[in-house]
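Along the sequence shown, residues are numbered consecutively beginning with 1.
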Amino acid sequence: QVQLVESGGGLVQIGGSLRLSCAASGSIFSINFMGWYRQGPGKQRELVAGITSHGITNYADSVKGRFTISRDNAKNTVYLQMNSLKPEDTAVYYCRATGPYNSWGQGTQVTVSS
């Protein structure tokens with residue numbers, strides 16, 4: 001099993017930046033994909049950014065050019081750097097790891113003021 005611990009959420013002004021972290025522990029050798037998802041008020045959960053075990057990344061159209069997903073293998077941690085934040089980025093952000101198992105973090109709130 002994989003356990004995920006998220007950090008870095010908070011309140012930020014429009015146009016500001018925030019970096020989310022997701023630290024993985026447990027059977028980390030089995031992870032083939034890690035991603036950041038978000039669920040805004042009244043919306044379905046959506047994939048924001050993902051990265052494979054080979055380092056291939058993918059982004060939602062709404063965040064391309066503003067968000068960057070990266071990883072630090074030595075720390076077993078995935079990051080989401082969020083720049084030029086907009087009110088529509090307000091959501092609960094969840095980290096996910098997939099492989100033989102499907103693990104989710106607890107979620108962290110990101111609020112962008114208008």
Side-chain angles (χ1 to χ4, degrees):
Q1 293 185 305
V2 174
Q3 294 78 47
L4 304 174
V5 179
E6 300 153 327
S7 62
L11 177 65
V12 65
Q13 291 185 326
I14 295 171
S17 298
L18 210 59
R19 188 177 76 160
L20 306 182
S21 299
C22 176
S25 61
S27 301
I28 56 176
F29 66 92
S30 64
I31 299 173
N32 57 34
F33 170 88
M34 293 191 71
W36 287 97
Y37 296 72
R38 69 185 181 188
Q39 187 166 17
K43 299 180 180 179
Q44 295 190 69
R45 190 173 298 184
E46 64 174 350
L47 175 66
V48 177
I51 185 167
T52 72
S53 60
H54 297 292
I56 300 171
T57 58
N58 188 50
Y59 298 91
D61 288 340
S62 59
V63 306
K64 286 181 178 177
R66 300 188 299 118
F67 290 11
T68 303
I69 189 170
S70 62
R71 66 182 184 187
D72 186 333
N73 290 331
K75 297 181 179 179
N76 300 126
T77 299
V78 172
Y79 304 94
L80 184 67
Q81 178 66 47
M82 304 184 292
N83 299 324
S84 302
L85 284 162
K86 305 174 181 179
E88 49 263 46
D89 295 319
T90 295
V92 178
Y93 285 71
Y94 299 89
C95 183
R96 184 192 187 191
T98 62
Y101 309 104
N102 180 20
S103 301
W104 291 88
Q106 79 284 354
T108 184
Q109 177 71 46
V110 172
T111 302
V112 184
S113 64
S114 61

(message) If you apply the rule side chain to side chain contact (heavy atoms under 4.5 Å, CB included), what do you find for D89 with R66, and how did you get there?
(response) CA-CA 11 Å; D89 295 319; R66 300 188 299 118; 2.8 Å; yes
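For K75, there are no salt bridge (Lys or Arg N to Asp or Glu O under 4.0 Å) partners at least two apart in sequence or on another chain. The side-chain hydrogen bond (donor to acceptor under 3.5 Å, both in side chains) search around T98 returns N32, not counting sequence neighbours. Take Q109 and apply the side-chain hydrogen bond (donor to acceptor under 3.5 Å, both in side chains) test, not counting sequence neighbours, and it matches T111. Legend: residues meeting side-chain hydrogen bond (donor to acceptor under 3.5 Å, both in side chains) with S25, ordered by chain and number and at least two apart, are absent. Partners of Q81 under the side-chain hydrogen bond (donor to acceptor under 3.5 Å, both in side chains) rule, at least two apart in sequence or in another chain, are N83.
Listed by first and then second residue, the ring pair (Phe, Tyr, Trp, His ring centres under 6.0 Å) pairs that reach into residues 6-46 are Y37-W104, sequence neighbours excluded. Sorted by first and then second residue, the ring pair (Phe, Tyr, Trp, His ring centres under 6.0 Å) pairs involving residues 79-100 (not counting sequence neighbours) form an empty list. The side chain to side chain donor-acceptor pair (under 3.5 Å) analysis of residues 42-59, with sequence neighbours excluded, yields the pairs R38-E46. Applying the salt bridge (Lys or Arg N to Asp or Glu O under 4.0 Å) test to every pair with at least one member in residues 8-17, sequence neighbours left out, gives no pairs at all. Evaluation of the disulfide (SG to SG under 2.5 Å) test over residues 39-80, restricted to residues two or more places apart or in two chains, returns none. Residue pairs meeting the disulfide (SG to SG under 2.5 Å) criterion with at least one member in residues 15-93, sequence neighbours excluded: C22-C95. Within the structure, no pair that satisfies the disulfide (SG to SG under 2.5 Å) test touches residues 37-87, not counting sequence neighbours.
Under a 3.5 Å cut-off, the side chain of S30 and the backbone N or O of P100 do not form any donor-acceptor pair. In this structure, the side chain of Q106 does not engage the main chain of V5 through any donor-acceptor pair within 3.5 Å.
With values rounded to the nearest 0.5 angstrom, N76 atom CG is found 9.0 Å from M34 atom CE. Distance check: L80 CG to T108 OG1 gives 11.0 Å after rounding to the nearest 0.5 Å. From L85, atom CG reaches atom OG of S113 across 10.0 Å, with rounding to the nearest 0.5 Å. With rounding to the nearest 0.5 Å, the separation of CD in E6 from OG1 in T77 is 12.0 Å.
Hydrophobic cluster membership differs between V92 and V12, with clusters built from Ile, Leu, Val, Met, Phe, Trp and Tyr side chains linked at under 4.5 angstrom. M82 and I14 fall within a single hydrophobic cluster, where Ile, Leu, Val, Met, Phe, Trp and Tyr side chains are chained together by heavy-atom contacts under 4.5 Å.
Considering all non-hydrogen atoms of both residues, L4 and A24 come closest at CD2-CB, 3.7 Å. The two residues G9 and L20 come nearest to each other via the heavy atoms N-CD2, 3.6 Å. Shortest non-hydrogen contact noted between I51 and I69 is CG2-CD1, 3.8 Å.
Annotation for Q1: atom CD does not count as buried by contact number, only 12 or fewer foreign heavy atoms lying within 6.0 Å.
Taking the charged nitrogens against the carboxylate oxygens, D61 and K64 do have a contact shorter than 4.0 Å, which makes a salt bridge.
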